[in-house]
Amino acid sequence: MNLREKYNIPSNTVITIAGTVGVGKSTMTKALAEALNFRTSYEKVDTNPYLDKFYDDFEKWSFHLQIYFLAERFKEQKRIFEYGGGFIQDRSIYEDTGIFAKMHYDKGTMNPIDYETYTNLFDAMVMTPYFPHPNLLVYLEGPIDNIIGRIQERGREMEQQTPNDYWIEMHERYDNWINNFNSCPVLRLDINDYDLMKNPQQIESIVERIAYMLEQTSHLRK
Ligand SMILES: Nc1ncnc2c1ncn2[C@@H]1O[C@H](COP(=O)(O)OP(=O)(O)O)[C@@H](O)[C@H]1O
Ligand SMILES: Nc1ncnc2c1ncn2[C@H]1C[C@H](O)[C@@H](COP(=O)(O)O)O1
């Protein structure tokens, strides 16, 4: 019996993992998908044709990058729907607009016309009754110093070369964003409360908490 069966998690569940860059979403996505025998939907970083250019020149490339991410996530959304759920998704679509696009608009590195075009497109695509929201958003959070340490250790050059102020501002914005988020149920996990790299068996207690949240919010399922 796998953990999904043990904790009575419906096989069509969709769980999205959210949190700032480097907090551990991909690691959590992999561990949860293995534990629950679910499919994964990862953010493609290595094959993203805009990401390096974006970190080199935010102003020039922020609109292109947002459009690219929106298209990629929408395709993934369609794939999840076609399989009938049973997915762990690495980063939610909500963060694109709620964190990244907004942050660059506020900083002046995404121009107001591009921002309006992007948010109109996002709202038309996502904020419709036809868009299936995930059953649960697992939000990973932790101290900014640990997170910057992980970004440095992971070694994506463009992120390593980005000033720490960028990560600090993003971290603060995430805090505000999650406190006001209400598009689907949320389970918050502090990265200091588990270590899936040293103790992979800790995934069971996380699955247990996920199962509890899903049970508590089961009336929201269609
Ligand atoms: N519990 C942990 N302890 C130490 N390092 C971790 C832990 N979880 C993830 N990492 C490391 O932190 C870095 C960022 O993790 P990752 O899962 O890629 O984050 P994200 O997908 O949120 O950007 C990776 O190098 C990963 O190996
Ligand atoms: N919507 C986005 N806008 C700008 N940058 C983004 C967006 N979504 C992801 N990113 C960046 C941030 C990181 O450099 C990589 C991957 O994110 P990660 O949190 O490491 O999975 O893409």
Side-chain angles (χ1 to χ4, degrees), residues 13-36 38-48 51 54-55 65-66 68-70 72-77 79-80 85-103 133-156 158-160 162 166-179 181 183-200 202-203 205-207 209-210 213-214:
T13 302
V14 176
I15 298 171
T16 190
I17 314 296
T20 197
V21 176
V23 73
K25 297 179 299 298
S26 305
T27 310
M28 178 62 77
T29 299
K30 184 169 180 289
L32 275 178
E34 282 171 8
L36 300 176
F38 275 5
R39 290 191 166 83
T40 51
S41 168
Y42 286 109
E43 210 173 32
K44 290 184 207 114
V45 172
D46 298 343
T47 54
N48 186 317
L51 204 54
F54 165 75
Y55 277 103
L65 180 68
Q66 291 314 324
Y68 180 84
F69 269 122
L70 185 55
E72 286 300 302
R73 296 210 211 280
F74 208 75
K75 278 190 275 179
E76 281 300 289
Q77 207 64 44
R79 187 167 75 93
I80 293 171
F87 267 84
I88 310 292
Q89 187 179 32
D90 179 1
R91 174 157 279 129
S92 71
I93 200 162
Y94 311 112
E95 292 156 85
D96 289 329
T97 175
I99 299 288
F100 292 96
K102 181 153 188 350
M103 174 165 155
H133 293 278
N135 303 108
L136 184 66
L137 181 144
V138 174
Y139 180 71
L140 307 184
E141 59 193 331
I144 184 63
D145 292 350
N146 296 17
I147 292 167
I148 289 176
R150 287 184 182 189
I151 291 172
Q152 291 305 331
E153 240 175 69
R154 175 169 59 190
R156 288 182 193 148
M158 73 290 194
E159 292 176 353
Q160 287 174 323
T162 298
Y166 184 77
W167 307 123
I168 293 166
E169 178 175 354
M170 190 177 287
H171 188 256
E172 283 168 8
R173 281 175 178 264
Y174 260 102
D175 221 38
N176 289 329
W177 172 79
I178 196 63
N179 288 333
F181 179 84
S183 298
C184 71
V186 175
L187 172 68
R188 292 173 79 139
L189 297 178
D190 189 315
I191 60 170
N192 285 328
D193 292 343
Y194 65 88
D195 189 337
L196 296 175
M197 301 187 85
K198 283 204 191 101
N199 304 306
Q202 285 178 336
I203 198 69
S205 62
I206 294 173
V207 168
R209 291 180 64 187
I210 287 174
M213 274 300 288
L214 289 171

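- Minimum interatomic distance between A18 and E95 (heavy atoms only, all atoms of both residues): CB-OE2, 3.1 Å.
- Inspection of the S41 and Q89 side chains reveals no N or O donor paired with an N or O acceptor under 3.5 Å.
- The heavy-atom pair separating G142 from D190 by the smallest distance is CA-OD1, 4.4 Å.
- Taking both residues in full, the closest heavy atoms of Y194 and I206 are given as CG-CD1, 3.9 Å, listed atom of the first, atom of the second, then distance.
- Looking at K30 and E34, their side chains come closer than 4.5 Å, going by heavy atoms from C-beta outward.
- The aromatic rings of Y166 and Y55 lie perpendicular to each other, with more than 60° between the two planes, well past the 30° mark.
- Between E169 atom CD and Y174 atom OH the span is 13.0 Å, to the nearest 0.5 Å.
- Of all the heavy atoms in T162 and W167, the pair that sits closest is O-NE1, 3.7 Å.
- In this structure R154 satisfies the salt bridge (charged side-chain N to carboxylate O under 4.0 Å, His left out) test together with E159, sequence neighbours excluded.
- In this structure, the side chains of Y94 and L137 come closer than 4.5 Å at one or more pairs of heavy atoms.
- Here the shortest heavy-atom pairing between R188 and V186 reads CG-CG1, 3.9 Å.
- Not a single salt bridge (charged side-chain N to carboxylate O under 4.0 Å, His left out) links D175 to another residue, sequence neighbours left out.
- Note that CG of L187 is 9.0 Å distant from CD1 of I15, once rounded to the nearest 0.5 Å.
- Comment: E72 engages K75 in a salt bridge, judged by a side-chain N to carboxylate O separation of less than 4.0 angstrom.
- Between Y139 and W177, the ring planes are tilted. Angles from 30° to 60° get that label.
- Of the listed residues (I191, I17, I151), just one forms a side chain to side chain contact (heavy atoms under 4.5 Å, CB included) with V23, and that residue is I191.
- With sequence neighbours left out, F38 forms a ring-ring contact (aromatic ring centres under 6.0 Å, His included) with no residue at all.
- With rounding to the nearest 0.5 angstrom, the CD1 atom of I88 is 5.0 Å from the CG atom of L32.
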- Dump the intermediate steps for side-chain contact (heavy atoms from CB on, under 4.5 Å) on F69 and E43, then the final yes or no. CA-CA 9 Å; F69 269 122; E43 210 173 32; 3.9 Å; yes
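- Within the 4.5 Å cutoff, no side-chain heavy atoms of T20 are placed close to those of I144.
- Distance alone, capped at 3.5 Å, is enough to place a donor-acceptor pair between the R91 side chain and the G19 backbone.
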- Item | Derivation and outcome, side-chain contact (heavy atoms from CB on, under 4.5 Å), residues R156 and L51 | CA-CA 11 Å; R156 288 182 193 148; L51 204 54; 5.9 Å; no
- Start with the C-alpha gap between D90 and T40, add the side-chain angles, then the distance that decides, and say whether side-chain contact (heavy atoms from CB on, under 4.5 Å) holds. CA-CA 8 Å; D90 179 1; T40 51; over 6 Å; no
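- Put simply, CZ on R209 and CG on D193 are 7.5 Å apart, with the number rounded to the nearest 0.5 Å.
- To the nearest 0.5 Å, atoms OG (S183) and CD1 (I93) are separated by 11.0 Å.
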- Message: Applying side-chain contact (heavy atoms from CB on, under 4.5 Å) to L136 and T13, what does each step give before you reach the verdict?
- Response: CA-CA 8 Å; L136 184 66; T13 302; 5.9 Å; no
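- E76 and Y42 share no donor-acceptor pair across their side chains, judged by distance under 3.5 Å alone.
- Expressed to the nearest 0.5 Å, how far CG of N135 lies from SG of C184 amounts to 8.5 Å.
- A donor-acceptor pair under 3.5 Å links the side-chain atoms of D195 to the main chain of K198, judged by distance alone.
- Using a distance-only test at 3.5 Å, with no hydrogens or angles considered, no donor-acceptor pair links the side chain of K25 to the main chain of L140.
- The minimum heavy-atom distance linking V14 with G86 is given by the pair CG2-N, 4.4 Å.
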